[in-house]
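One structure is given here, and the rest of the page talks about it.
Here the structure is a predicted model, which means the values were calculated and not measured. Atom set for the values below is all heavy atoms of this structure, side chains included, hydrogens, waters and symmetry mates excluded.
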Amino acid sequence: MSGTFISFEGPDGAGKTSALAAITAEIQPALGDRLTITREPGGNPISESIRAIILDRANTAMDYRTEALLYAAARRQHLAETVLPALAADQLVLCDRYVDSSIAYQGAGRQIGEQAVAQMNDFATDGLLPELTIYFDVPAEVGLRRIQAHRQADQVDRLDVEQTAFHDRVRAAYLRLQQAHPERIKLIDATQAPEQVVAEALTLIKQTAKRYF
């Protein structure tokens, strides 16, 4: 495939989605239809339907392995219907979350096993990983304070309401992933001013996807 695949990762409240929106506004005029912006879970009608089930705060009875399997199912459909066709069309694909999220949130946060979740997602993705993953790092307490301060009540999902210990495990897993794969996963200190975070992320994108700029 000739396109370039870049994912955005981070704990809840890290600001990665806001950074992605700012970056999109910056580069969309120049790239036009050579740019695809998407998210996980989601990115197409089937995957968005699965997303609604996963994040519904009413689904308190959901088993943790069921949750992990649903994420993997949404990811497979997202790849098949959205990401792979965009890459085949030589597009730059920027994706809000990917496999690392499942390893961190379900594998570590839910404590069902990082390796088990990684293997499940290797099957779902047929081993496809981004060329670059930008990891926006914040301590759990900082991210949770941001969520409480800025999100409306109807925007808070099942994962947002987990205890701090859950989010600490998620962040620790992300840091392990970054240390294990430093050539792919690049860390940005997301406690910095938003404009600095966006500038650093944009620099990484342009370094990885030079031919689009």
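Side-chain atoms of Ser101 and Tyr71 form no donor-acceptor pair, as typed in the model, at a separation below 3.5 Å. Asp12 and Tyr105 are linked by a side-chain donor-acceptor pair at a separation below 3.5 angstrom, with hydrogens and angles left out of the test. In summary, the side chains of Glu9 and Gln178 do not present any donor paired with an acceptor at a separation below 3.5 Å, with no hydrogens or angles considered.
Taking 4.5 Å as the limit, some side-chain heavy atom of Gln106 sits within range of a side-chain heavy atom of Glu67. Side-chain contact between Lys186 and Glu200: absent, with no pair of heavy atoms (C-beta onward) separated by less than 4.5 Å. Residues His181 and Thr133 are not in side-chain contact: their nearest non-hydrogen atoms beyond the backbone lie 4.5 Å or more apart.
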Practice problem: Go through the steps for Lys16 and Tyr135 under the test side chain to side chain contact (heavy atoms under 4.5 Å, CB included), then give the verdict. | Solution: CA-CA 8 Å; Lys16 63 177 176 47; Tyr135 168 58; over 6 Å; no
Quiz item: Would Arg211 and Asp90 count as a salt bridge (Lys or Arg N to Asp or Glu O under 4.0 Å) if you check the C-alpha gap in whole Å, the side-chain angles of each, and the deciding distance to 0.1 Å?
Solution: CA-CA 11 Å; Arg211 61 196 181 84; Asp90 194 27; 2.8 Å; yes
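The main-chain N or O of Asp96 is never found under 3.5 Å from a side-chain atom of Arg39 such that the two would form a donor-acceptor pair. At distances below 3.5 Å, at least one donor-acceptor pair connects side-chain atoms of Thr82 with backbone N or O atoms of Gly43. Judged purely by atom type and a 3.5 angstrom limit, Arg171 has no side-chain atom pairing as donor or acceptor with the backbone of Pro11. In this structure, Asn59 contributes its side chain and Met62 its backbone to no donor-acceptor pair below 3.5 Å. The backbone N or O of Asp189 sits less than 3.5 Å from a side-chain atom of Gln192, completing a donor-acceptor pair. Side chain of Lys206 to main chain of Thr203: no donor-acceptor pair is present (N/O by atom type, distance under 3.5 Å, no hydrogens or angles).
The two residues Thr191 and Pro139 come nearest to each other via the heavy atoms CG2-CD, 3.9 Å. Shown here for Pro29 and Ala25, the closest heavy-atom pair between the two residues is CD-O, 3.4 Å. What you find for Ala118 and Ile103 is that their closest heavy atoms are CB-CD1, 3.9 Å. For the pair Thr4 and Ala209, the tightest heavy-atom approach, listed with the atom from each and the gap, is CG2-CB, 4.1 Å.
Through direct or relayed side-chain contacts under 4.5 Å between Ile, Leu, Val, Met, Phe, Trp and Tyr, Leu31 connects to Ile6, Phe8, Leu20, Ile23, Ile27, Leu35, Ile37, Leu92, Leu94, Leu132, Ile134, Phe136, Ile188, Val197, Val198, Leu202, Leu204, Ile205, Tyr212, Phe213.
Atom CG of residue Leu187 and atom CD of residue Gln179 lie 9.0 Å apart, to the nearest 0.5 angstrom.
Evaluation of the side chain to side chain donor-acceptor pair (under 3.5 Å) test over residues 111-120, restricted to residues two or more places apart or in two chains, returns Glu114-Arg176.
Linking ILVMFWY side-chain heavy atoms closer than 4.5 Å, directly or via other members, places Val170 and Val142 in two distinct hydrophobic clusters. When hydrophobic clusters are built by joining Ile, Leu, Val, Met, Phe, Trp and Tyr residues whose side-chain heavy atoms come closer than 4.5 Å, directly or via intermediates, Val138 is not grouped with Leu177. Cluster annotation: Ile54 and Met120 are assigned to distinct hydrophobic clusters (Ile/Leu/Val/Met/Phe/Trp/Tyr, side-chain heavy-atom contacts under 4.5 Å, transitive).
No more than 12 heavy atoms of other residues, nucleotides or ligands shown are found within 6.0 angstrom of CZ on Arg65.
Between Arg184 and Glu131 there is no salt bridge, since no side-chain N of the basic residue sits under 4.0 Å from a carboxylate O of the acidic one.
For Thr164, the side chain to side chain contact (heavy atoms under 4.5 Å, CB included) criterion is met by Ala140, Leu144, Asp168, not counting sequence neighbours. With sequence neighbours excluded, no residue satisfies salt bridge (Lys or Arg N to Asp or Glu O under 4.0 Å) with Arg169. Glu141 meets the salt bridge (Lys or Arg N to Asp or Glu O under 4.0 Å) test with no other residue; sequence neighbours excluded.
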Expected list for residues 73-81: side-chain donor-acceptor pairs under 3.5 angstrom, two or more places apart:
residue, atom, partner, partner atom, Å
Arg75, NE, Glu40, OE1, 2.5
Arg75, NH1, Ser102, OG, 2.9
Arg75, NH1, Asn121, OD1, 2.5
Arg75, NH2, Glu40, OE1, 3.0
Arg75, NH2, Tyr98, O, 3.0
Arg75, NH2, Ser102, OG, 3.4
Arg76, NH1, Ala124, O, 3.0
Gln77, NE2, Glu81, OE1, 2.8
His78, ND1, Glu40, OE2, 2.7
His78, NE2, Thr38, OG1, 2.7

